[in-house]
Peer 1: 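Here it is: the structure, laid out below.
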Amino acid sequence: MMMDLETLEAAAALVHRAVPPTPQYCWPLLSRRLGAELWVKHENHTPIGAFKIRGGLVYLDAVKRSQPDLRGVVTATTGNHGQSVALAATQLGIASTIVVPFGNSIEKNRAMAGFGARLVEAGHDFQAAFEHATELAEREKRHFIHSYDPLLVRGVASYALELFRAVPDLDTVYVPIGLGSGISGVIAAREALGRATEIVGVVAANAPTYALSFAAGAPVSTNSADTMAGGLEIIRRGAARILTVSEAEIRRAIRIMFSDTHNVAEGAGAAALAAALQERHRLAGKRVAVIQSGGNIDRALFAEVLAEEDAG
């Protein structure tokens with residue numbers, strides 16, 4: 001799934017009509033901790049507080065152009081993907097239905113509804129919500145949106161174009177991986193620009209599907225997070241390695257991000273920093289970037305994490 005620069009530029013222009021380029025800052029306190037020049041790409045500064053809005057805008061623009069009689073769209077989510085679809089659909093005048101599992105984040109549910117989506121609760125986990133969403137889309141004759149698609153990758157690659165052009169000669173970029181659109185977009189942008197930057201994927205220890213699949217060279221499902229590894233091939237080809245970070249490392253990185261930059265990071269948004277800190281020994285003197293992919297953490301959880309003491 002290689003994408004040329006012209007294609008990525010066109011997608012970025014579309015994104016930038018609704019979302020200004022997000023900042024990337026070199027934070028001195030973080031740099032001191034790492035022993036390297038550390039840049040943070042602040043995707044927590046988008047209108048939904050996460051990078052996924054970029055993919056939603058590009059995907060839905062293409063769908064509306066190809067299906068002018070579109071009745072609406074349906075997707076399943078537990079958070080940022082749903083906010084992306086809700087906001088992008090509303091901006092384009094498309095009705096959206098977002099299916100979430102029972103017990104999903106109240107704050108994320110409120111955000112999706114606030115952006116104009118019809119919210120439907122179904123099932124005890126994402127897989128059950130996904131199955132209900134596909135049935136609902138078929139029954140109501142609405143377009144179903146998967147969480148990984150080349151059009152989504154094309155949109156989110158716009159943040160990587162911004163980063164690579166703003167910060168030349170990056171040695172390493174750490175990118176959190178959920179279903180893979182973010183890291184696939186970073187790889188696509190690097191290739192299109194002809195850069196030599198090393199790209200490192202980061203997964204949570206309780207959702208290790210991509211790390212296991214990368215090591216095995218083929219999709220590996222897990223009970224904790226059975227993802228559809230749509231981005232595995234581009235990641236295998238373009239990533240240097242995939243690191244696993246623990247819950248404790250992620251929570252510590254959330255605290256560090258807040259104390260050193262006063263930015264709020266959700267778990268995925270702190271994972272890249274956690275990985276960079278894990279590899280501190282190999283980064284001395286280098287120019288490094290971490291992707292803060294989002295800041296949508298529930299208030300109660302954020303307060304709990306901030307109140308914890310760091311060991312040592």
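Please read these numbers as outputs of a predicted model, since none were measured by experiment.
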Peer 1: If you define the side chain from C-beta out and look only at heavy atoms, does anything of Leu277 sit under 4.5 Å from Glu249?
Peer 2: no

Peer 1: Could you note down all residue pairs passing ring pair (Phe, Tyr, Trp, His ring centres under 6.0 Å) where residues 56-89 supplies at least one of them, sequence neighbours left out?
Peer 2: Tyr59-His143

Peer 1: How would you list, by chain and number, every residue that makes a salt bridge (charged side-chain N to carboxylate O under 4.0 Å, His left out) with Arg165, sequence neighbours excluded?
Peer 2: Glu9

Peer 1: Any side-chain heavy-atom pair from Glu198 and Lys286 closer than 4.5 angstrom?
Peer 2: no

Peer 1: If hydrophobic clusters are built by linking Ile, Leu, Val, Met, Phe, Trp and Tyr wherever their side-chain heavy atoms come under 4.5 Å apart, do Val15 and Val153 end up in the same one?
Peer 2: no

Peer 1: Which pairs count as salt bridge (Lys or Arg N to Asp or Glu O under 4.0 Å) when at least one residue sits in residues 295-306, sequence neighbours excluded?
Peer 2: Arg251-Glu304

Peer 1: What's the separation between atom CG in Leu60 and atom OG in Ser96, rounded to the nearest 0.5 Å?
Peer 2: 8.5 Å

Peer 1: Write down the atom of Ala36, the atom of Val288, and the distance for their closest heavy-atom approach.
Peer 2: CB-CG2, 4.2 Å

Peer 1: Are Leu38 and Tyr25 in one and the same hydrophobic cluster, where Ile, Leu, Val, Met, Phe, Trp and Tyr link if side-chain heavy atoms are under 4.5 Å apart?
Peer 2: yes

Peer 1: For Leu29, I'd like to know if atom CG has over 12 heavy atoms of other residues, nucleotides or ligands within 6.0 Å.
Peer 2: yes

Peer 1: Report the residues that fulfil side-chain contact (heavy atoms from CB on, under 4.5 Å) with Val264, sequence neighbours left out, ordered by chain and then residue number.
Peer 2: Phe258, Ile297, Phe302

Peer 1: Does anything in residues 26-44 form a salt bridge (Lys or Arg N to Asp or Glu O under 4.0 Å)? List the pairs, not counting sequence neighbours.
Peer 2: Arg33-Asp260, Glu37-Arg287, Lys41-Glu162, Glu43-Arg54

Peer 1: For the residue pair Tyr159 and Gln24, establish whether any side-chain heavy-atom pair is separated by less than 4.5 Å.
Peer 2: no

Peer 1: In terms of ring plane angle, is the pair Phe144 and Phe130 parallel, tilted or perpendicular, where the classes change at 30° and 60°?
Peer 2: perpendicular

Peer 1: Taking NE2 in His124 as the centre, count heavy atoms belonging to other residues, nucleotides or ligands within less than 6.0 Å. Is the count above 12?
Peer 2: no

Peer 1: Does some side-chain heavy atom of Val19 sit less than 4.5 Å from a side-chain heavy atom of Pro47?
Peer 2: yes

Peer 1: Looking at residues at least two apart in the chain, or sitting in another chain, which of them share a side-chain contact (heavy atoms from CB on, under 4.5 Å) with Thr78?
Peer 2: Pro101, Asn104, Phe126

Peer 1: Provide the full list of salt bridge (Lys or Arg N to Asp or Glu O under 4.0 Å) pairs with a residue in residues 118-132, sequence neighbours left out, each pair given once.
Peer 2: Arg118-Glu140

Peer 1: By side-chain contact (heavy atoms from CB on, under 4.5 Å), which residues pair with Thr261, not counting sequence neighbours?
Peer 2: Trp27, Leu30, Met257, Asn263

Peer 1: Once side-chain hydrogen bond (donor to acceptor under 3.5 Å, both in side chains) is applied, do any residues pair with Ser259, and if so which ones, sequence neighbours excluded?
Peer 2: none

Peer 1: Can you name the residues that form a ring-ring contact (aromatic ring centres under 6.0 Å, His included) with His16, not counting sequence neighbours?
Peer 2: none

Peer 1: Which residue is it: Val200, Ile235, Val202, Val175? I am looking for the one with a side-chain contact (heavy atoms from CB on, under 4.5 Å) to Ile242.
Peer 2: Ile235

Peer 1: Would you please name every residue forming a side-chain contact (heavy atoms from CB on, under 4.5 Å) with Thr90, sequence neighbours left out?
Peer 2: none

Peer 1: Any ring pair (Phe, Tyr, Trp, His ring centres under 6.0 Å) involving residues 83-122? Give me the pairs, sequence neighbours left out, ordered by first then second residue.
Peer 2: none

Peer 1: Between Arg237 and Glu191, does at least one N-O distance fall below 4.0 Å, as a salt bridge requires?
Peer 2: no

Peer 1: Checking the side chain of Asp310 only, and the main-chain atoms of Arg252 only, is there a donor and an acceptor separated by less than 3.5 Å?
Peer 2: no

Peer 1: Is there a side-chain contact between Gln91 and Leu57 in this structure, where contact means two heavy atoms from C-beta onward sitting under 4.5 Å apart?
Peer 2: yes

Peer 1: Before you tell me yes or no, could you show the steps for Val100 and Met112 under side chain to side chain contact (heavy atoms under 4.5 Å, CB included), namely the whole-Å CA-CA distance, both residues' side-chain angles and the distance that decides it to 0.1 Å?
Peer 2: CA-CA 10 Å; Val100 300; Met112 286 182 274; 3.7 Å; yes

Peer 1: Tell me, with the steps shown, if Leu163 and Ile291 meet side chain to side chain contact (heavy atoms under 4.5 Å, CB included).
Peer 2: CA-CA 10 Å; Leu163 174 63; Ile291 308 303; 3.9 Å; yes

